[in-house]
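Input: a single structure, listed below in C-alpha cells.
In what follows, chains carry the letters A, B, and so on, assigned in the order in which the sequence lines appear, proteins first and then strands, with residues in each chain numbered from 1. None of the values given here were measured: they were computed from a predicted structure.
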There are 2 protein chains.
Amino acid sequence: MSCSFSKQEQILQQFKGLTNQISPKFERCTGISASRYELLSQLYNTEEINQSTLQKAVNIDGAAITRHLKQLETSGMVARRRNPNDNRVIFVSLTEEGRQRIVEYRKENMGFVKQMLHDFTHEEVDALSDMMERMQTNISEY
Amino acid sequence: MSCSFSKQEQILQQFKGLTNQISPKFERCTGISASRYELLSQLYNTEEINQSTLQKAVNIDGAAITRHLKQLETSGMVARRRNPNDNRVIFVSLTEEGRQRIVEYRKENMGFVKQMLHDFTHEEVDALSDMMERMQTNISEY
DNA sequence: GTATTATATTTGACTGGTCAATGGATAGTG
DNA sequence: CACTATCCATTGACCAGTCAAATATAATAC
C-alpha cells in the first residue's frame with residue numbers, strides 16, 4: 001500500500017521534472033518557446049480567432065496569453081484587432097510573416113519530438129496521450 | 001505521416017498543459033508547492049545530504065534549490081550547515097519540525113495523487129512512469 | 001433608461017524556473 | 001610552492017506562469 005502510494009507520488013515528481021527539462025531544451029532546439037509555438041500553431045489552423053477561445057485552447061492563464069501575443073505582435077508574426085461588433089474581444093490572426101516562420105519552426109519541432117519519442121510505438125504514444133487526458137479530467141474539479 | 005507527427009506534437013503540448021494545471025492545484029490542495037514537497041520528501045529518507053546531490057536528485061536548477069532551501073530554513077523545516085571537511089559544500093537535513101510537518105503534507109499529497117490516478121491500474125502507472133523515463137533519456141543529450 | 005451583472009482583456013505583484021557570472025575553497029600540476 | 005582547474009553555492013537578470021484587481025464593454029433586469 002505505502003509502496004504503491006510512493007510509486008504514484010513519484011509520477012507527479014517525474015512529471016514536473018520532465019517538463020522542467022523539456023522546456024528549455026525545446027526552446028534551444030527550435031528557437032521558440034513551447035508556449036509561443038503552440039499559440040502560433042493554433043493560429044495556423046484558423047483565420048481569425050478570439051483571444052479568449054485561443055486561451056482556452058492552450059490551457060494557459062489569460063495574463064500570460066496577453067503578454068505572449070503582444071510580443072508576437074511586435075515581432076511581426078501575429079496581428080490583433082478588436083471585434084467591431086463587440087469591442088471587448090480581440091481577434092488574433094497570423095501575419096504572412098508568421099505563416100512563413102511557423103513552417104520553419106514546425107520542422108525544428110518535429111525533429112525534437114521525433115527524438116524524444118524515437119523508441120515509442122504508435123500505441124504507446126496513444127496510450128500516453130490517453131492517460132494524460134484522464135489525469136486532466138481527474139483533477140479538473142479541484 | 002504528417003498525422004502521426006501532429007499526434008506526437010500534441011504530446012508535448014499536452015504535457016505542458018497538464019503540468020501547468022497540476023502545479024497550482026497541488027499547491028492549493030496540499031498547502032505546499034510540489035518542488036518544496038519533493039525536497040522535504042527527499043530529505044525525509046536521509047540524515048544529512050549534500051545540497052548538490054539533493055539538487056541532482058530533484059532535477060531542478062541549483063539556483064532554485066538555494067532559494068527553496070533558504071526559505072525552508074527560515075520557516076524552520078530544514079537545517080543547513082557547512083561540511084567542516086570541505087567548506088564548499090553545504091549539508092542539508094530535516095529539523096524535527098520539518099519531520100513532523102512532512103507527515104501532514106504527505107497525507108494531503110496522497111489524497112491529491114490518488115484522485116488524479118484513481119482510474120489507473122497499477123500497470124498503467126508503471127507504463128507511464130517507464131515512458132517518462134525513456135523520454136527523459138531520449139532528450140538528455142540535447 | 002438606468003443599475004446591475006457578466007465577459008474580455010489588461011495590469012501588477014508574486015512564485016519558480018533558467019542561464020550566466022561571481023566568490024570562495026579545494027585539487028592537481030609544473 | 002604557486003598556478004591553474006574545478007567544484008559548490010550564491011546572486012542577478014530574465015522569462016513564464018498564477019492570482020487578484022482594474023478597466024472597458026455588453027447584456028440583462030427592473
Given dT10(C), dG24(C), dT10(D), identify the nucleotide with an atom nearest to the side chain of Ile90(B). dT10(D)
Ion pair present between [X] and [Y], side-chain N to carboxylate O less than 4.0 angstrom?
X         : Y         : result
Arg36(A)  : Glu27(A)  : no
Glu104(B) : Arg101(B) : no
Lys16(A)  : Glu38(B)  : no
Glu124(B) : Arg134(A) : yes

To the nearest angstrom, how far is [X] atom [atom1] from [N] atom [atom2]?
X        : N       : atom1 : atom2 : answer
Gln71(B) : dA9(D)  : CD    : C1'   : 18 Å
Asp86(B) : dT6(D)  : CG    : P     : 17 Å
Leu69(B) : dG16(C) : CG    : P     : 13 Å
Arg82(A) : dA8(C)  : CZ    : C1'   : 8 Å
Asn87(A) : dT10(C) : CG    : C1'   : 15 Å
Glu73(B) : dA9(D)  : CD    : C1'   : 13 Å
Leu72(B) : dT15(C) : CG    : P     : 14 Å

Does Thr30(A) use its side chain to pair, donor to acceptor, with the backbone of Asn109(A) at less than 3.5 Å? no
Can a side chain N or O of Arg80(A) be found less than 4.0 Å away from OP1 or OP2 on dT10(C)? yes
Under 4.0 angstrom between Thr66(A) side-chain N/O and dT10(C) OP1 or OP2: yes
Across every strand shown, the nucleotide meeting Watson-Crick or G-U wobble geometry with dA21(D) (both distances under 3.5 Å) is dT10(C)
What is the base-pairing partner of dT26(C), counting Watson-Crick and G-U wobble geometry with both distances under 3.5 Å? none
Spell out protein contact along nucleotides 15-23 of chain D as letters: B when the base is contacted, S when just the sugar-phosphate is, - when no protein heavy atom is under 4.0 Å; keep the 5' to 3' order. -SSBB----
Go through it in stages, so that I can follow the logic: the residues are Ser129(B) and Gln10(A), the test is side-chain hydrogen bond (donor to acceptor under 3.5 Å, both in side chains), and I'd like the CA-CA distance, side-chain angles, deciding distance and then a yes or no. CA-CA 8 Å; Ser129(B) 173; Gln10(A) 278 182 9; 5.4 Å; no
Phe26(A) vs Phe112(A) aromatic rings, parallel, tilted or perpendicular, using cut-offs 30° and 60°? perpendicular
So, Asn138(B) versus Asp119(A): side-chain donor-acceptor pair below 3.5 Å or not? yes
Is the Lys NZ or Arg CZ of Arg82(A) less than 6.0 Å from the centre of Phe91(A)'s six-membered ring, within 45° of the axis? no
Could you check which residues of residues 41-58 of chain B get a heavy atom under 4.0 Å from DNA chain D? Sort them by number, please. Gln51(B), Ser52(B)
